[in-house]
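Data block below; observations after.
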Amino acid sequence: MDLGLRGRVALVTGSSRGIGAAIAAGLAVEGCRVALCARGAEDLATTAGRIREGGADALAVPADLTALDEAERVVRETIAHYGGLDILVNNLGGGRGGDDDAAWAYTLDVNLGVAVRASRAAIPAMRAQGRGAILLIASVSGWQAGGAPAYNAAKAAEIMYARSLAKDLAPDGIRVNAVSPGSILFPGGGWERRQRRDPERIARFLAEDLPLGRFGTPEEVANVVVFLASDRASLVTGANIAVDGCQLKPSV
Ligand SMILES: NC(=O)c1ccc[n+]([C@@H]2O[C@H](COP(=O)([O-])OP(=O)(O)OC[C@H]3O[C@@H](n4cnc5c(N)ncnc54)[C@H](OP(=O)(O)O)[C@@H]3O)[C@@H](O)[C@H]2O)c1
């Protein structure tokens with residue numbers, strides 16, 4: 001299936017590794033010109049370099065997106081470099097353990113706040129060209145309890161933000177969707193660390209709570225995101241798509 005993404009410009013936040021890197025690579029394979037962003041400049045350059053080796057354009061913009069105005073700057077630099085912006089994937093997320101005010105403020109900001117600021121910066125360019133696709137990488141934690149409450153609340157908020165924005169931006173030809181992964185394993189990721197720490201507990205989790213009996217891969221999430229970013233998904237907006245293998249519990 002030709003997704004019609006050739007030449008489209010896509011920015012993926014938090015994209016030097018894991019799900020974000022797989023999304024950037026997946027969009028690039030379909031012909032998108034991609035912009036990547038993370039704090040660590042070296043890993044970011046490596047990931048962007050790998051995409052370029054595959055024959056696609058990749059711009060690396062190092063930034064700490066939780067710093068004020070940085071999301072806006074990254075969007076601005078992407079538009080200045082490529083001359084437009086068609087796809088924004090708000091992938092950055094995560095959390096800090098604990099239940100104190102600092103943990104809540106950080107977790108709400110890194111998941112929701114950064115996505116709001118990046119989307120706000122991207123919308124005028126998308127509106128001007130009469131089309132765009134915004135994606136939010138949420139989580140099954142957005143509707144199933146388990147793990148840190150601040151993370152659950154932040155992911156639920158991302159899902160509702162996608163729905164609200166989709167309604168407001170439909171007349172402008174901009175689609176907005178949330179994609180909610182289950183537990184995704186990759187080198188350097190959180191699940192790899194937990195598996196190394198407590199392999200027996202994780203083996204039980206896989207057997208009891210993940211009906212497929214395994215973790216997901218970043219590429220399995222990316223495949224869905226790439227489709228949703230394309231015009232092939234023209235009637236899909238305001239949706240929250242689970243990519244979770246029917247996962248029964250978000251965490252262990
Ligand atoms: N992995 C899972 O099982 C899972 C499940 C459900 C949902 N999700 C969601 O999927 C998304 C991606 O998760 P992941 O596990 O792939 O993430 P990850 O391993 O935490 O990777 C995050 C990426 O974001 C960058 N990053 C972190 N803090 C940043 C900041 N302040 N500014 C800019 N870049 C930053 C990291 O690079 P630097 O450290 O160099 O900045 C890295 O490239 C998140 O929204 C997460 O909540 C993940």
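Every number for a ligand or one of its atoms is a count from 1 in the order of the listing.
- Between D64 and ligand 1, at least one pair of N/O atoms sits closer than 3.5 Å.
- For atom 26 (N) of ligand 1, the closest non-hydrogen atom on the protein side is L92 CD1, 3.6 Å.
- Side-chain atoms of N91 and S15 form no donor-acceptor pair, as typed in the model, at a separation below 3.5 Å.
- Taking distance alone, with nitrogen or oxygen atoms compared against 3.5 Å, F186 stays at or beyond that limit from ligand 1.
- Checked by distance only, ligand 1 and I19 come closer than 3.5 Å through their nitrogen or oxygen atoms.
- Look at T66 and you'll find a heavy atom under 4.0 Å from some atom of ligand 1.
- Comparing heavy-atom distances from atom 45 (O) of ligand 1 across V140, I23, N91, T13 singles out N91 as nearest.
- Within 6.0 Å of atom CZ in R163, 12 or fewer heavy atoms from other residues, nucleotides or ligands are found, so the atom counts as exposed in its surroundings.
- Of the charged side-chain nitrogens involved, none lies within less than 4.0 Å of a carboxylate oxygen, so that R50 and E53 do not count as a salt-bridged pair.
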(request) Could you give me the CA-CA distance, side-chain angles and deciding distance for D244 and S180, then say whether side-chain hydrogen bond (donor to acceptor under 3.5 Å, both in side chains) is met? (result) CA-CA 7 Å; D244 69 341; S180 287; over 6 Å; no

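- With a 4.0 Å heavy-atom cut-off, ligand 1 is reached by the backbone of A63 but not by any atom from C-beta on.
- Not a single heavy atom of G190 lies less than 4.0 angstrom from ligand 1.
- Residue G40 has at least one N or O atom closer than 3.5 Å to an N or O atom of ligand 1.
- Residue F215 places every heavy atom at 4.0 Å or more from ligand 1.
- Summary of contacts: the protein heavy atom closest to atom 22 (C) of ligand 1 is R17 NH2, 4.1 Å.
- Taking only nitrogen or oxygen atoms, main chain and side chain alike, S139 does not reach within less than 3.5 Å of ligand 1.
- With a 6.0 Å radius and a threshold of 12 heavy atoms from other residues, nucleotides or ligands, D100 has its CG atom above the threshold.
- Here the shortest heavy-atom pairing between W104 and D99 reads NE1-OD1, 2.8 Å.
- Among the atoms of G18, none of the N or O lies under 3.5 angstrom from an N or O of ligand 1.
- Within the structure, the closest approach of S141 to ligand 1 does not fall below 4.0 Å when heavy atoms are considered.
- Ligand 1 has at least one atom lying under 4.0 Å from a heavy atom of G182.
- For ligand 1, none of its N or O atoms has an N or O atom of Y106 under 3.5 Å away.
- Only the backbone of S15 comes within 4.0 Å of ligand 1, judged by heavy-atom distances.
- No side-chain heavy atom of R204 sits less than 4.5 Å from a side-chain heavy atom of V252.
- In this pair, W191 and F205 present their aromatic rings parallel. The plane angle is below 30°, not in the 30 to 60° band.
- Within the structure, the closest approach of K155 to ligand 1 falls below 4.0 Å when heavy atoms are considered.
- Around atom 9 (C) of ligand 1, the closest heavy atom drawn from G93, P218, A138 belongs to A138.
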